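Lettering of chains follows the sequences in order, A, B, ..., and the numbering in each one begins at 1. The figures that follow rest on heavy atoms only: side chains count, while hydrogens, waters and symmetry mates do not. This one's a predicted model, so the numbers in the text were calculated from it and none came from an experiment.
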There are 2 protein chains.
Amino acid sequence: MDNALKVERPTVTLRELALNKLRDAILERRFRPGERLVERKLCELLGVSRTVVREVLRHLEAEGLVEILPHHGPIVARLDLETVEQIYEMRMVIEVMVVRSCAERIGAADVDLLRVHLDEIRAGFAASDIRRVMRGTSAFYEVLFTAAGKTVAWDVFRNLNARINQLRSYTLWSPGRNVTGPGEMQAMLDAIGAHDPDAAEAACRLHVGNAWAIARQSAAASE
Amino acid sequence: MDNALKVERPTVTLRELALNKLRDAILERRFRPGERLVERKLCELLGVSRTVVREVLRHLEAEGLVEILPHHGPIVARLDLETVEQIYEMRMVIEVMVVRSCAERIGAADVDLLRVHLDEIRAGFAASDIRRVMRGTSAFYEVLFTAAGKTVAWDVFRNLNARINQLRSYTLWSPGRNVTGPGEMQAMLDAIGAHDPDAAEAACRLHVGNAWAIARQSAAASE
DNA sequence: AGTCATATTATGGTATACCATCATACTGCA
DNA sequence: TGCAGTATGATGGTATACCATAATATGACT
């Protein structure tokens, strides 16, 4: 018998809700790198017990968004220039692999979906709405990875991106990026839609390289 | 003032000790994929409270070694063929990047260190001591990544490797691998030592490709 | 005003209690 | 003998208590 009759259960625990909330708060820079995450204050903020908070902190620690300093408790993970370089380098090799595979195997429906998300990114820039731009960008990349069949790479990619998220708002708002960013993504999309892995790789290298250069500048400025 | 006079403090918590123990137990296949990890039984096994156990499970969940099934509690993460394929693919692109960089910049001291670890791997094979082989292999790769300056990639690599660890014992003990394995690693080491990135990449592709083929076979056999 | 000793508060580490829900065992009846 | 209802045990989710240690505040003395 198929699943049509199966009773669905709510599965969301307080821990899952709190994890999503705290992760989003970190990614939205409501907590700054190096800032202490005091357990009892997080309990007040999130309205849950210390057990839930501690379990959430363990999860974020394993994700690399939180650092535990012995005898000092947790802090929001910091970024140094060297780590930024390495993360963009990883992003480059992963993203190149994915766009090549995508160009080789993507279906027309996913190409259309990519266009939809790219339009949403442009609309976000037009409205100066950074959250809309970031949501559109995440959705665009999720389609890329899923269409390429690379769910493991997507997990690694998201985790790395979360760690450099605080720089991404700089790369997004640097002068002219509202045009060059979507332009570069359009070039990637066109190459993918044309099933041209070499062109997709070239467009990807340009796009990630430019984002990397901007991030390098802003990381150096804030260190 | 330098750190010479600084008083060092013990920083290991019960949680850290328990995390290492449970992770090792999973990697050593004392718990099989799909096996339930019952909290109260882990308390007895590890000799700690449920708080510690739950925090450790959260960490391993974020690392991908444990899956939480709603209303069923945690189980050791399972592996399917598709995930194995993707992990080896990721390993290929990461390892290629690292050996190239290593060939470009490695110092003589680290080349010597790689030789030491490769000798240890050979000795492990000679003694039919799989743990010695795996410790030697981990040490070899840690030197590779560290010499290349790729600590972020090392974290990602170790995490992915942990997930396919259960297959690695198959790849290590397949017929003839005791000779071909170290032989392929020797070829990588020679190319790195000669500062030849192209040769290092070729040797790396051969090595990872062979390990991948064996893992594919054993994953298929156990599904 | 500065320093030092002491008191107090804040904090992370760890254990345990309680509860709701699910799984399993048992009993009674047809 | 099989099935249904009930009881019991197992389990994960969550809260709170307690403790040791570190950080901060305070007061006394010079």
* Measure from the side-chain N and O atoms of A/E55 to the backbone N and O of A/V52, and report whether any donor-acceptor pair falls under 3.5 Å. => no
* **C/dA10 phosphate, OP1 or OP2, under 4.0 Å from A/R40 side-chain N/O** => no
* Asked: Under 4.0 Å between a side-chain N/O of B/K41 and OP1 or OP2 of D/dA10, yes or no?
  -> no
* Look at atom CZ of B/R29 and say whether more than 12 heavy atoms of other residues, nucleotides or ligands are closer to it than 6.0 Å. => yes
* To do: Return the nearest nucleotide to the side chain of A/E39; candidates are C/dG12, C/dT14, D/dG12.
  => C/dG12
* Structure fact -> Among C/dG13, D/dT14, D/dT11, the one nearest any side-chain atom of B/T13 is C/dG13
Distance check needed: [N] [atom2] versus [X] [atom1], whole Å only.
| X | N | atom1 | atom2 | answer |
| --- | --- | --- | --- | --- |
| A/L19 | D/dG13 | CG | P | 13 Å |
| B/L42 | C/dT14 | CG | P | 16 Å |
| A/R54 | C/dT11 | CZ | P | 14 Å |
| A/I75 | C/dT11 | CD1 | P | 16 Å |
| A/L37 | C/dG13 | CG | C1' | 17 Å |
| B/E55 | D/dT14 | CD | P | 14 Å |
| B/R58 | C/dT14 | CZ | C1' | 17 Å |
| B/I68 | D/dT11 | CD1 | P | 15 Å |

* Distance from B/N159 atom CG to B/I164 atom CD1, nearest 0.5 Å? -> 11.0 Å
* Is it true that B/D24 and B/K21 have a side-chain N and a carboxylate O under 4.0 angstrom from each other? -> no
* A/R135 and A/E120 ion-paired at < 4.0 Å -> no
* Asked: So what does B/R15 touch, heavy atoms closer than 4.0 Å: a base, only the sugar-phosphate, or nothing?
  -> sugar-phosphate
* Look at the aromatic rings of A/F157 and A/W154 and report parallel, tilted or perpendicular, splitting at 30° and 60°. => parallel
* Mind running a 4.0 Å heavy-atom check of residues 43-52 of chain B against DNA chain C and sending the residues that fall below it, in number order? => B/V48, B/S49, B/R50, B/T51, B/V52
* What do the steps show when you test B/R158 against B/N161 for side-chain hydrogen bond (donor to acceptor under 3.5 Å, both in side chains), and what is the final call? -> CA-CA 5 Å; B/R158 271 191 304 151; B/N161 257 12; over 6 Å; no
